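Position 1 is the first residue of the sequence, and the numbers go up from there. Source: prediction; values computed, not measured.
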Amino acid sequence: MPIATPEVYAEMLNRAKAGGFAYPAINVTSSQTLNAALRGFAEASSDGIIQVSTGGADFLSGTTIKDMVTGSVALAEYARVVATNYPVTVALHTDHCPKDKLDGFVRPLLDISLERVAKGQDPLFQSHMWDGSAVPLDENLEIATDLLEKAARARIVLEVEIGVVGGEEDGVVGEINEKLYTTADDALATAEALGLGERGRYMLAATFGNVHGVYKPGHVKLRPSVLKDIQDAVGAKYGKEKPFDLVFHGGSGSLLEEIQEAISYGVVKMNIDTDTQYAFTRPIADHMFRNYDGVLKVDGDVGNKKAYDPRAYGKAAETSMAARIVEACQHLKSAGTKIS
């Protein structure tokens, strides 16, 4: 059962929260980065989450096709085939989807899963993210309410974001201002609008100074205690300890102690993209510099086929990305916790 069923995904999230660890959620853009993610999880003996963004799904469909649904379906079906060879369980997730892309990404994917569930099959993806950070909170939660109802019928977990993650990802830009910090009032409004699981399970991407991309220490101040504040505020009202399953976005460059403090407040999923992109690309750059005369037909020469064969540098890229994922599993304390 390499691709989690809805029941197993729920168990994964429950085990993470109870066990004080979080799953790395690895963004992929190709079959090879997917294979690297699977390899990394297997080498760490960790279950995990593999996810695709709007831009990644667009790219996966072909650069002249640019269809997010086609790319997402292709990835999910490919993952179901190749993941059977790995001794870990993974969940499939779609990353940030802003309002203007809902009708071309998340909503049609939910429809596909509803059709699959009606036939007695598992949903295509195990979770989807609605990114309403660019709209007012009332509108954000109104859309989330509609999506949660549909996701629950499709046996899918919804991820919602309140507050704003700074930086840029796939054309979505978050300014670095006070909105980087979710408030207790934001969290209370979310619980009132969406419930705490009785209307469908969801994860909450609450912000505490997070920024997408790479940033130097001191550029932005992470305050993981914000997560404790919102858990305490909502927990006190509803009589439930750590009521939210939290998600950590924009973690590249974060200190290990900040990551692990966030996990202690109920983070069960941490998105990782920038660091794995670099880990994948670095060996390719090294190969090209070392084999300049081989990868190019210089001065009428014929080059070296073994040097420009994509497998030559692709193997090194996969190995490097997998190693970075093992490191992530160790940092998030999911290493050695696989269900199977």
Side-chain angles (χ1 to χ4, degrees), residues 6 9-10 13-14 17 25 49 51 53-54 68-69 72 91-118 123-165 172 174 179 181-207 226-227 230-231 233-240 242-249 266-269 271:
Y9 192 32
L13 299 178
N14 291 342
K17 198 168 184 180
I49 298 169
Q51 60 189 26
S53 65
T54 55
M68 295 180 288
V69 174
S72 300
L92 303 177
H93 175 82
T94 61
D95 200 11
H96 292 272
C97 181
K99 181 181 176 181
D100 64 341
K101 294 184 178 178
L102 280 172
D103 289 339
F105 191 43
V106 166
R107 286 190 173 120
L109 289 174
L110 282 170
D111 287 338
I112 290 171
S113 286
L114 283 168
E115 292 175 5
R116 289 171 62 95
V117 169
L124 186 66
F125 283 82
Q126 285 66 60
S127 50
H128 292 297
M129 181 186 179
W130 148 237
D131 182 355
S133 60
V135 302
L137 184 61
D138 288 349
E139 183 182 1
N140 181 350
L141 295 176
E142 181 180 352
I143 293 171
T145 300
D146 176 68
L147 291 172
L148 183 62
E149 186 275 332
K150 195 170 186 178
R153 287 191 286 117
R155 306 176 71 207
I156 286 172
V157 176
L158 185 68
E159 181 181 331
V160 299
E161 181 174 319
I162 56 173
V164 176
V165 176
V172 178
K179 291 184 179 179
Y181 303 95
T182 299
T183 67
D185 286 342
D186 296 336
L188 286 164
T190 300
E192 183 176 352
L194 304 181
L196 291 175
E198 68 277 7
R199 302 173 209 169
R201 186 162 190 169
Y202 65 93
M203 295 180 283
L204 181 65
T207 56
V226 167
L227 301 180
I230 68 174
Q231 292 278 42
V234 175
K237 180 174 180 178
Y238 292 92
K240 188 175 182 180
K242 296 179 184 175
F244 293 119
D245 296 330
L246 297 175
V247 179
F248 187 161
H249 285 252
V267 166
V268 297
K269 171 180 180 280
N271 288 14

Exercise. Is a donor on one side and an acceptor on the other found under 3.5 Å between the side chain of Asp131 and the backbone of His96?
Worked result: no
Problem set entry | Interatomic spacing from CG in Leu148 to CD1 in Ile143 - rounded to 0.5 Å | 13.5 Å
Problem set entry | Lys150/Asp111 salt bridge by N-O under 4.0 Å criterion | yes
For this session: State, yes or no, whether a side-chain contact exists between Leu196 and Tyr202 at a heavy-atom distance under 4.5 Å.
Result: yes
For this session: Search all heavy atoms of Gly104 against all heavy atoms of Val69 and return the closest pair with its distance.
Result: O-CG2, 3.4 Å
For this session: Please check if the side chain of Arg199 supplies one atom and the backbone of Ala193 the other of a donor-acceptor pair under 3.5 Å.
Result: yes
Problem set entry | Least distance between heavy atoms, Ala189 atom then Leu141 atom | O-CD1, 3.6 Å
Exercise. Looking at Leu158 and Ala151, what are the two nearest heavy atoms and their distance?
Worked result: CB-CB, 4.4 Å
Problem set entry | Minimum side-chain heavy-atom gap Glu139-Lys99 below 4.5 Å | yes
Exercise. Does some side-chain heavy atom of Arg116 sit less than 4.5 Å from a side-chain heavy atom of Ile112?
Worked result: yes
Exercise. Do you see a donor-acceptor pair shorter than 3.5 Å between the side chains of Thr183 and Asp185?
Worked result: no
Exercise. For Ile162, does its backbone N or O pair with a side-chain atom of Thr182 as donor and acceptor, under 3.5 Å?
Worked result: yes
Problem set entry | Heavy-atom side-chain contact between Gln126 and Pro6 under 4.5 Å | no
Exercise. Going by atom types only, do Ser127 and His93 share a side-chain donor-acceptor pair under 3.5 Å?
Worked result: yes
Problem set entry | Lys17 side chain to Lys242 backbone, donor-acceptor under 3.5 Å | yes
For this session: Answer yes or no: is there a side-chain heavy-atom contact under 4.5 Å between Ile156 and Leu110?
Result: yes
Exercise. Is any side-chain heavy atom of Leu147 closer than 4.5 Å to a side-chain heavy atom of His128?
Worked result: no
Exercise. Which heavy atom in Ser72 sits nearest to a heavy atom in Phe125, and how many Å separate them?
Worked result: O-CZ, 3.5 Å
Problem set entry | Any His249 side-chain heavy atom under 4.5 Å of Thr207 side chain | no
Exercise. Can you find a pair of side-chain heavy atoms, one from Asp245 and one from Val157, that are under 4.5 Å apart?
Worked result: no
Seminar exercise, completed: Minimal heavy-atom distance between Cys97 and Trp130, with the atoms involved, is O-CE3, 3.3 Å
